[in-house]
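Just below is one structure, and these are the notes that go with it.
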Amino acid sequence: MTASHHYDVLILGSGTAGLTLALQLADHAKVAVLSKGQLEEGASLYAQGGISVVLDKADSLQSHIDDTVQAGAGLCKEETVRYTVEQARSTIEWLIEQGVSFTKDGTSSERYHLTQEGGHSHRRIIHAADSTGREVETTLLDKAKAHNNISLFPFHIGIDLITSQKQLNDMDNRCLGCYALDIKTNTTKTFTAPITVLATGGAGKVYLYTSNPDVSTGDGIAMGWRAGCHVANMEFVQFHPTCLFHPKAKSFLISEALRGEGAKLVLADGTPFMEKYHSQAELAPRDIVARAIDHEMKRLGDDCVYLDISHQSKEFIEEHFPTIHQRCLQFGIDMTREAIPVVPAAHYTCGGLITDIEGQTDIAGLYAIGETAHTGLHGANRMASNSLLECLVFARSAADSIKKQLPLSSAEADIPEWDASLVERAREAISISHNWDELRRFMWDYVGIVRSNERLLRARQRLSLLQQEIKDYYSQYHITQDLLELRNLADIAELIITSALQRKESRGLHYTLDYPNTDTIKPPQDTVIIGKP
Ligand code: FAD
Ligand code: SIN
């Protein structure tokens with residue numbers, strides 16, 4: 001049977017990573033970009049702080065490398081770090097060429113304003129006030145919409161990859177495309193391409209409290225893993241120290257750039273506390289700040305701590321943090337005069353599908369870029385603003401690698417279409433929504449900022465019951481977006497729990513009461529989970 005949609009390159013995800021790659025390839029190949037929601041929706045749209053890049057004369061590439069490696073707690077791949085840092089300037093220049101407008105330094109129309117964030121020993125974060133992601137994402141999306149060679153498919157959720165081993169019983173495993181559900185028409189489509197790229201972002205939604213948008217359900221990591229890709233370091237989930245604490249403020253981040261501009265973390269009575277945890281105080285790496293807040297909240301039985309930037313003038317706050325200022329005002333908080341209530345929340349997935357420096361996974365024809373990938377840049381803890389940089393740098397290196405393979409063979413394999421003949425329509429959705437809630441709650445309670453073997457084993461037990469139910473449901477009923485995402489979240493939970501149980505030490509973002517110290521005897525090792533085709 002012929003596939004319904006055939007392209008040279010199929011990209012799942014229209015965030016910074018997916019759109020950058022599409023734009024880099026569009027003059028050379030026919031590209032399809034699938035996105036499971038609105039095209040602009042994704043973590044990229046909400047990025048606040050900015051993108052790290054060495055532009056200041058007092059700064060150096062070596063310093064950016066050293067800071068990244070230091071934050072990564074022994075697990076960064078130095079070759080990857082050097083490559084990324086070296087590519088940063090040309091990447092930013094490319095963004096400016098596309099029309100991205102970064103905030104200028106007030107004293108010069110030539111120079112860009114650079115802010116500072118945790119772990120960075122210099123000011124090196126280029127930004128568009130406090131909505132850098134929106135500026136980048138909307139600029140790239142406008143460009144992609146205008147290009148004839150890019151076909152955009154919003155509301156199309158990738159279900160599973162099509163691989164030669166699974167679908168054609170070949171010995172060699174090659175990716176041939178993916179099955180996708182058109183959410184608006186509720187039909188299943190087959191997309192084929194000699195090259196498929198997973199750019200589906202991270203998996204913050206596996207936790208009850210997260211800074212991530214609803215689309216961040218780890219789909220690409222789960223799909224890649226099910227197809228046979230190796231996955232690394234999933235225990236390293238980054239909790240951002242400061243998300244707005246308000247019953248109605250779903251997932252709103254208070255940028256680390258506030259701390260870069262002098263904001264202090266304080267308790268309810270106004271006492272600052274970060275200095276007792278780290279010499280860099282508020283600008284210590286994120287794992288340390290998030291754990292310190294967690295500790296203070298548990299010690300005092302408080303629901304939140306506070307972030308106070310009221311020492312800065314109203315004008316400064318309105319100029320540098322207009323989005324955060326407005327959002328806080330909507331909740332009755334005037335940050336120019338009072339401290340903002342904040343709590344940590346799941347923010348970034350450091351682990352992912354293992355790729356090389358060109359974004360290639362270990363399955364032929366399959367690439368992974370952006371938050372879905374594990375390139376070795378972040379090690380055990382990502383440094384602030386290195387993520388958008390990674391999206392951009394690796395989208396460009398993947399594009400170079402794909403361009404070298406042009407013209408791509410367009411032979412269409414005889415791929416079976418999606419078979420729904422043996423399933424029926426589910427009568428109710430309650431078990432899906434119940435399982436979503438249960439999964440995210442036990443992940444928060446048992447696999448969160450502070451872990452223990454007992455908690456992890458308890459989570460694993462709960463998960464295995466859920467997985468059985470999901471499997472039964474999947475084999476009996478028609479797929480829906482909620483069911484697909486739940487299945488992916490359960491796979492992500494399995495990867496995180498398994499990886500966390502394998503690591504018999506505390507390192508970077510993984511902290512366990514059973515092994516509170518970092519192993520200084522054995523050389524640091526990635527946790528690698530083999531794919532399960
Ligand atoms: P995303 O931007 O998340 O895009 C994922 C895309 O994949 C979406 O289009 C989605 O619809 C699509 N998708 C997902 N699943 C499927 C599927 N099954 N089928 C089809 N499509 C699918 N990093 C920084 O460096 N600097 C910052 O200042 C910064 N601030 C942040 C603030 C917030 C609130 C958050 C949440 C993150 C922030 N980060 C920041 C991290 C950074 O934004 C993300 O890591 C980065 O944007 C990820 O980009 P991406 O292209 O990999 O994925
Ligand atoms: C922030 O602005 O605090 C987020 C930056 C990041 O996640 O890199």
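Residue numbers count from 1 along this sequence. Atoms within a ligand are numbered from 1 in the order they appear, just like the ligands themselves.
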Is there a nitrogen or oxygen of Lys36 sitting under 3.5 Å from a nitrogen or oxygen of ligand 1? yes
Out of curiosity, is Arg382 lining ligand 1, as in a heavy atom under 4.0 Å away? yes
Check whether any heavy atom of Gly133 sits under 4.0 Å from an atom of ligand 1. no
Looking only at protein heavy atoms, which one is nearest to atom 52 (O) of ligand 1, and what is the separation? Glu371 N, 3.0 Å
Could you check whether the rings of His246 and Phe331 sit parallel, tilted or perpendicular, using 30° and 60° as the cut-offs? tilted
Under 4.5 Å between any side-chain heavy atoms of His278 and Pro285, yes or no? yes
Sole candidate of His378, Gln238, Glu371 that passes side-chain hydrogen bond (donor to acceptor under 3.5 Å, both in side chains) when paired with Tyr348: His378
Are Asn386 and Thr84 close enough that a side-chain donor and a side-chain acceptor fall under 3.5 Å? no
Shortest heavy-atom approach to atom 36 (C) of ligand 1 - which of Leu388, Ile369, Asn212: Asn212
If we ignore hydrogens and angles and just use 3.5 Å, is the side chain of Glu296 paired with the main-chain N or O of Val305 as donor and acceptor? no
Checking heavy-atom distances from atom 6 (C) of ligand 1 to each of Cys178, Gly13, Gly37, the winner is Gly13
Out of Thr200, Ile183, Thr217, who is nearest to atom 22 (C) of ligand 1 when you count heavy atoms only? Thr200
Backbone or side chain, does any N or O of Gly158 fall under 3.5 Å from an N or O of ligand 1? yes
Return a yes/no value for Ser14: is any of its N or O atoms, backbone included, closer than 3.5 angstrom to an N or O of ligand 1? yes
Going by the atom numbers of ligand 1, which of them fall below 4.0 Å from some non-hydrogen atom of His156? 19 (N), 20 (C)
What does the 4.0 Å heavy-atom contact list look like for ligand 2? Gln48, Gly49, Glu117, His240, Leu253, Ser255, Glu256, Arg286, His347, Arg382, Ala384, Ser385
For Glu117 and Gly49, which heavy atoms make the closest approach, and how far apart are they? OE2-CA, 3.4 Å
Checking a contact table here: which protein heavy atom is nearest atom 49 (O) of ligand 1, and how many Å away? Ser44 OG, 3.2 Å
Numbered atoms and elements of ligand 1 in range of Ala199, under 4.0 angstrom, heavy atoms: 5 (C), 6 (C), 7 (O)
Check the side chains of Thr323 and Gln48 for a donor-acceptor pair under 3.5 angstrom, ignoring hydrogens and angles. no
With side chains defined as the heavy atoms from C-beta onward, is the minimum distance between Ile293 and Val343 less than 4.5 Å? no
Less than 4.5 Å apart, any side-chain heavy atom of Ser385 and any of Ile51? no
Can you check whether Leu12's main-chain N or O pairs, donor with acceptor, with Thr200's side chain at less than 3.5 Å? no
Out of Cys391, Ser387, Cys243, Ala222, whose heavy atom sits nearest atom 42 (C) of ligand 1? Ser387
Once you measure the plane-to-plane angle for Phe316 and His320, does it fall in the parallel (<30°), tilted (30-60°) or perpendicular (>60°) bin? parallel
Identify which of Ser255, Ala47, Ser211, Ala43 has a heavy atom lying nearest to atom 31 (C) of ligand 1. Ala47
Are any of the N or O atoms of Val215 closer than 3.5 Å to those of ligand 1? no
Would Thr132 count as a contact of ligand 1 if the rule is a heavy atom under 4.0 Å away? no
Atom of Ala384, atom of His120 and distance for their closest heavy-atom approach: O-NE2, 2.7 Å
Distance under 4.0 Å to a non-hydrogen atom of Tyr348: what atoms of ligand 1 satisfy this? 45 (O)
Atom 27 (C) of ligand 1: which protein heavy atom is closest, and how many Å away? Gly50 O, 3.5 Å
For atom 39 (N) of ligand 1, closest protein heavy-atom neighbour: His347 NE2, 4.1 Å
Will you find, in the side chains of Arg487 and Asn435, an N or O donor that is under 3.5 Å from an N or O acceptor? no
Atom 34 (C) of ligand 1 sits nearest the protein heavy atom Tyr46 O, 3.6 Å
Would you call the rings of His5 and Tyr7 parallel, tilted or perpendicular, where under 30° means parallel and over 60° means perpendicular? parallel
Take Tyr179 and Ile162, measure what side-chain contact (heavy atoms from CB on, under 4.5 Å) needs, and give me the verdict at the end. CA-CA 7 Å; Tyr179 294 115; Ile162 301 169; 3.7 Å; yes
I'd like to know if the side chain of Tyr46 pairs up with that of Glu41 as donor and acceptor (distance under 3.5 Å, no hydrogens or angles considered). yes
All heavy atoms of Gln467 vs all of Ala490, minimum pair found to be NE2-O, 3.6 Å
In terms of residue, atom name and distance, what is the protein heavy atom nearest to atom 51 (O) of ligand 1? Ala17 N, 3.0 Å
Between ligand 1 and Gln48, is the shortest N or O to N or O distance under 3.5 Å? yes
Lys532 atom NZ, over 12 foreign heavy atoms within 6.0 Å: yes
Which ring-ring contact (aromatic ring centres under 6.0 Å, His included) pairs, counting each pair once, include a residue from residues 217-244, with sequence neighbours left out? Tyr207-Phe239, Phe239-Trp444, His240-His347
Under 4.0 Å, counting heavy atoms only: does Ile157 come that close to any atom of ligand 1? yes
Return yes when Thr372 approaches ligand 1 closer than 4.0 angstrom through a heavy atom, no otherwise. no
Check whether the side chains of Arg291 and Tyr511 place a donor and an acceptor atom closer than 3.5 Å, and report yes or no. no
Is there a polar contact between ligand 1 and Gly370, counting only N or O atoms under 3.5 Å apart? no
What residue and heavy atom of the protein are closest to atom 53 (O) of ligand 1, and at what distance? Gly201 CA, 3.3 Å
Please write down residue, atom name and distance for the protein heavy atom closest to atom 18 (N) of ligand 1. Asp219 OD2, 2.8 Å
May I ask you to check whether Gly49 has an N/O atom sitting below 3.5 Å from an N/O atom of ligand 1? yes
